[in-house]
Amino acid sequence: MTRHQTIGIAEALIARENRLGASNYKPLDVVLTRGQGVYVWDVEGRRYLDCLSAYSAVNQGHCHPKILAAMREQAARLTLTSRAFRNDQLAPFYEELCALTRAHKVLPMNSGAEAVESALKLARKWGYRHKAIPDGRAEIIVCANNFHGRTISIVGFSSDPASRDGFGPFPPGFVTVPFGDAAALEAAITPNTAAFLAEPIQGEAGVIIPPPGYLKKARELCTRHNVLFILDEIQTGLGRTGTLLAEEHEGVEADLTLLGKALSGGFYPVSAVLSNTEAMSVLHPGEHGSTFGGNPLGCAIARAALKVLVEEDMIGNAARVGAQLKAALAAIPAPQVKEVRGVGLMIAMELHADAGGARGLCEKLMARGLLVKETHDHTVRIAPPLILSPREAGWIAAQVRAALLG
Ligand SMILES: *Cc1c(COP(=O)(O)O)cnc(C)c1O
């Protein structure tokens with residue numbers, strides 16, 4: 001055997017990646033080459049059940065055949081026109097997205113962070129035009145431990161030092177309140193408050209579920225004080241929590257709803273701001289845009305991604321199998337586990353601070369064919385594609401049990 005053959009394919013790829021790439025991630029050392037449904041395969045042929053789903057971007061499962069077919073067909077026909085011209089995929093995309101979410105207007109973008117930035121711009125302009133906030137004084141209230149993306153303005157109102165430190169100066173006009181505390185929100189509202197921005201469940205913070213009634217109370221406060229209620233459903237949306245949008249759990253409707261990630265089933269970056277108010281009407285030609293936003297390829301992919309989500313009852317499946325999986329995980333009698341929490345298939349297992357850290361558990365699970373990722377030091381998020389079967393849920397719980405107790 002030559003020396004080249006003795007160096008693993010994965011090790012060689014990892015070394016090249018590390019040598020040439022920015023080191024802004026610390027991935028598990030598994031090099032994936034193929035995915036189908038809930039499974040992915042590494043370059044050495046090992047199969048894993050994907051319990052991260054690209055941070056909930058592949059809710060529909062890897063390489064869904066119907067989304068793939070839509071992508072192939074559209075890619076061969078027309079991919080990008082820019083918004084200087086119209087394309088025949090945009091209107092049906094708007095129609096289908098609005099019908100599904102009961103939204104009135106759509107602003108199409110690409111990444112999640114762009115949808116967040118767009119909503120911040122809309123909220124500020126709405127505040128000046130409709131609320132007569134003095135120029136340059138608009139305030140937007142955000143929550144501690146939020147995650148809304150990585151742009152300068154977004155990390156400027158992050159409370160995570162790693163996300164924020166070294167990237168200032170930041171745009172002013174953001175006020176932080178504790179998540180889940182309606183009284184703190186009310187106390188922070190001033191005549192200059194344009195909007196309140198929150199995640200219905202904080203994903204990157206470790207699946208933090210607010211107290212029951214919080215979103216309802218926030219909705220009431222925003223209505224009473226004429227403040228736009230912006231829900232970032234980029235991670236919680238599109239079936240992840242067992243309803244199309246997480247706001248449905250409390251029967252509320254945000255003024256602006258942000259979607260991304262699973263809007264394309266993981267094939268392509270597609271995001272959107274949905275509006276139920278006059279907020280969207282503050283934008284006029286030339287005031288905002290994106291070269292790729294609303295492009296025909298992205299629209300065709302998103303249409304297929306939404307269609308399979310509904311047609312294949314992935315949302316109902318997330319509710320049913322999610323409840324089963326959470327119960328099975330909670331039943332594991334492991335002293336390391338502090339709490340298992342979640343809604344639908346957005347589940348987290350938090351370990352005690354002295355239990356050796358979540359990274360070690362992720363590595364043990366990887367050796368057992370299950371891919372998960374730690375979020376912060378002590379929490380493992382378990383968020384498989386929404387097509388997970390009851391049998392696969394049982395298998396996941398068995399692996400976690402063996403990794404914790406073995
Ligand atoms: C992932 C995420 C974003 C950012 O999306 P990108 O596509 O990575 O820019 C924003 N908000 C939430 C809640 C997210 O989970």
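First listed ligand is number 1; within each ligand, the first listed atom is number 1.
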Do any nitrogen or oxygen atoms of ligand 1 lie under 3.5 Å from a protein nitrogen or oxygen, and which ones?
{"unit_1": "ligand 1", "atom_1": "7 (O)", "unit_2": "Gly112", "atom_2": "N", "d": "2.8"}
{"unit_1": "ligand 1", "atom_1": "9 (O)", "unit_2": "Gly112", "atom_2": "N", "d": "3.3"}
{"unit_1": "ligand 1", "atom_1": "9 (O)", "unit_2": "Ala113", "atom_2": "N", "d": "2.8"}
{"unit_1": "ligand 1", "atom_1": "11 (N)", "unit_2": "Phe147", "atom_2": "O", "d": "3.4"}
{"unit_1": "ligand 1", "atom_1": "11 (N)", "unit_2": "Asp232", "atom_2": "OD1", "d": "3.4"}
{"unit_1": "ligand 1", "atom_1": "11 (N)", "unit_2": "Asp232", "atom_2": "OD2", "d": "2.6"}
{"unit_1": "ligand 1", "atom_1": "15 (O)", "unit_2": "Gln235", "atom_2": "NE2", "d": "2.8"}
{"unit_1": "ligand 1", "atom_1": "15 (O)", "unit_2": "Lys261", "atom_2": "NZ", "d": "2.6"}

Donor-acceptor side-chain pairing of Trp41 and Gln36 below 3.5 angstrom: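 Checked: Trp41/Gln36 side chains show no N/O donor-acceptor pair below 3.5 Å.
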
Has [X] got a side-chain atom pairing as donor or acceptor with [Y]'s backbone, closer than 3.5 angstrom?
| X | Y | answer |
| --- | --- | --- |
| Glu233 | Glu247 | yes |
| Glu139 | Ala188 | no |
| Asn295 | Phe292 | yes |
| Arg240 | Gln235 | no |

Counting only heavy atoms not in Arg224 (residues, nucleotides, ligands), do more than 12 fall under 6.0 Å from its CZ?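 Yes, enclosed.
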
